[in-house]
Amino acid sequence: MATIVPYSHMLILAAILFLLGAGCAVARRNLIMILIGVEVMLSASGLAFIGAAMHWQQLDGQAFVIFIMAVAASEVAVGLALIVYSQRRTGSLNADDYDLMKG
Amino acid sequence: MSIYAIIFYLLGAVIVAATALAITRRNLMHAIVYLVLSFIGTALLFFLLGAPFLAVLEVVIYAGAIMVLFLFIVMMLEIKPEERTLGPWLRQWAPALALSGICLMIMVGFLFLNAGGPGPLLLVTASPLAFGRFLFQKYWLGVEIASFLLFVALVGALYLGRDNSTTGG
């Protein structure tokens with residue numbers, strides 16, 4: 001049976017991608033870039049699940065990726081609707097501008 | 001090193017490079033196009049790791065639907081690229097880079113501490129038929145909950161996105 005790479009390399013790749021997404025969500029100030037960072041994090045966690053499914057030869061990991069995709073799709077739909085809504089209210093997309101309880 | 005390992009490392013390098021380029025672009029349009037490249041690379045990696053159905057779903061949902069949604073919003077809101085300012089840029093990225101680097105080192109350290117457990121990945125493929133049978137036999141409740149979640153998200157997006165200029169709200 002052909003082997004691909006050690007399981008740890010797979011996990012390290014997923015960790016790098018996850019942290020790139022987390023860094024994007026932390027460092028960027030544009031609301032859309034923050035949402036993009038969260039998307040990258042969700043995709044990286046899916047990658048880790050697929051690697052685990054392959055490592056233990058179980059389909060459960062792949063099943064969870066379906067749920068992650070459903071969560072990502074609904075998160076991005078509601079998140080973008082919120083961004084459009086708040087952009088209409090305040091006229092700004094910069095996260096630093098949202099510092100008032102009553103705007 | 002087998003051909004599969006070479007493909008894995010190449011794809012990994014492409015994904016990490018595309019994601020790193022995407023998260024540092026000042027123009028949102030460029031960032032989203034780089035992200036499409038990153039997600040297509042991830043889909044190819046899914047294919048390599050024995051999940052062809054999920055690879056197709058990754059292209060359709062992530063690289064297709066989600067990124068097109070982002071593109072629509074960026075075009076709808078007419079977002080200007082951020083201006084180039086080095087000082088705030090460093091102030092923003094230095095803590096994020098430092099904290100991410102520490103987390104990455106700890107993760108890699110844990111992985112190498114447990115190096116005895118995880119062995120090499122074997123090349124197997126889960127056919128879409130087997131995967132669908134498994135999903136609907138063992139996780140049918142989860143699928144129903146996911147569909148309900150998508151429905152709630154649809155209603156929420158409709159409610160938030162409605163034009164409330166007539167109601168004054």
Side-chain angles (χ1 to χ4, degrees), chain A residues 1-13 15-17 19-24 26-30 32-33 35-37 39-40 43-44 46-47 50-51 53-55 57 59-60 62-63 65-67 69-78 80-85 87-88 93, chain B residues 2 4-5 8 12 15-16 19-20 22-23 28 31 35 39 42 45-46 48-51 54 57 61-62 65-66 69-70 73-74 77 79 82 92-93 96-97 100 103-104 107-108 111-112 115 118-124 126 131 134-135 138-139 142 146 149-150 153-154 156-157 160-161:
Chain A
M1 185 94 66
T3 62
I4 301 178
V5 285
Y7 179 48
S8 55
H9 292 195
M10 178 75 229
L11 284 181
I12 288 171
L13 178 64
I16 291 173
L17 275 178
L19 289 172
L20 278 176
C24 177
V26 167
R28 295 300 294 256
R29 291 195 182 146
N30 194 311
I32 293 184
M33 285 310 287
L35 211 56
I36 281 178
E39 285 305 309
V40 173
S43 173
L47 202 58
I50 294 230
M54 194 172 203
H55 180 238
Q57 308 279 318
L59 277 172
D60 300 69
Q62 296 198 7
V65 178
I66 293 267
F67 301 137
M69 281 178 178
V71 168
S74 45
E75 172 252 335
V76 81
V78 176
L80 282 174
L82 271 174
I83 287 176
V84 171
Y85 181 73
Q87 207 262 356
R88 271 193 205 143
L93 277 178
Chain B
S2 68
Y4 299 113
F8 176 87
I15 295 167
V16 170
T19 311
I23 66 172
L28 278 177
L35 217 57
F39 284 140
T42 312
L45 205 54
F46 282 10
L48 177 71
L49 292 168
L54 290 172
L57 274 190
I61 294 179
Y62 273 101
I66 291 179
L69 204 56
F70 273 111
I73 297 298
V74 169
L77 299 181
I79 297 159
E82 298 162 31
Q92 280 174 28
W93 278 101
L97 277 180
S100 308
C103 287
L104 184 66
M107 282 185 199
V108 173
L111 286 178
F112 280 108
L121 294 174
L122 297 174
L123 187 67
V124 287
F131 177 61
F134 176 82
L135 186 66
K138 196 168 173 191
Y139 288 106
L149 174 72
L150 286 170
L154 172 70
L160 287 171

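We name chains A, B, ... by the order of the sequence lines, and we start the count at 1 in each one. Computed from heavy atoms alone, side chains included, the values below leave out hydrogens, waters and symmetry copies. This structure is a prediction, so every number in the text was calculated from the model and none was measured.
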Options [options], ranked by heavy-atom pairs under 4.5 Å with chain B, top entry:
options	value
A/Val65, A/Leu93, A/Ile36	A/Ile36
A/Cys24, A/Ala22, A/Ala73	A/Cys24
A/Val84, A/Leu59, A/Val78	A/Leu59
A/Gly37, A/Ala44, A/Gly23	A/Gly23
A/Leu80, A/Val26, A/Ile83	A/Leu80

Part of [X] within contact of chain B (heavy atom distance under 4.5 Å):
X	value
A/Leu17	side chain
A/Ile32	both
A/Glu39	both

Report task. Applying side-chain contact (heavy atoms from CB on, under 4.5 Å), name anything that partners A/Ser74, two or more places apart in sequence or on another chain. Result ->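 Expected list: B/Leu149, B/Leu150, B/Ala153.
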**Report entry** Under the side-chain contact (heavy atoms from CB on, under 4.5 Å) test, residues paired with B/Val108 that sit two or more places apart
**Finding:**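 Per chain and number, B/Val108 pairs via side-chain contact (heavy atoms from CB on, under 4.5 Å) with A/Ile12, B/Leu104, B/Phe112.
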Query raised in the report: Looking only at heavy atoms, which two atoms of B/Phe134 and A/Ala63 are closest? And how far apart?
Result: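 Closest pair (atom of B/Phe134, atom of A/Ala63, distance): CE2-CB, 4.1 Å.
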Query raised in the report: Which pair of heavy atoms, one from B/Ile23 and one from A/Arg28, lies closest together, and at what distance?
Result: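 Reported closest heavy-atom pair: O-NH1, 2.8 Å.
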Query raised in the report: How about A/Val5 and B/Tyr4: do any of their side-chain heavy atoms sit closer than 4.5 Å?
Result: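 Side chain of A/Val5 against side chain of B/Tyr4, heavy atoms only: no contact under 4.5 Å found.
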**Report entry** Polar side-chain atom of A/Gln62 near backbone of B/Gly50 as donor-acceptor pair, under 3.5 Å
**Finding:**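 It does hold such a pair.
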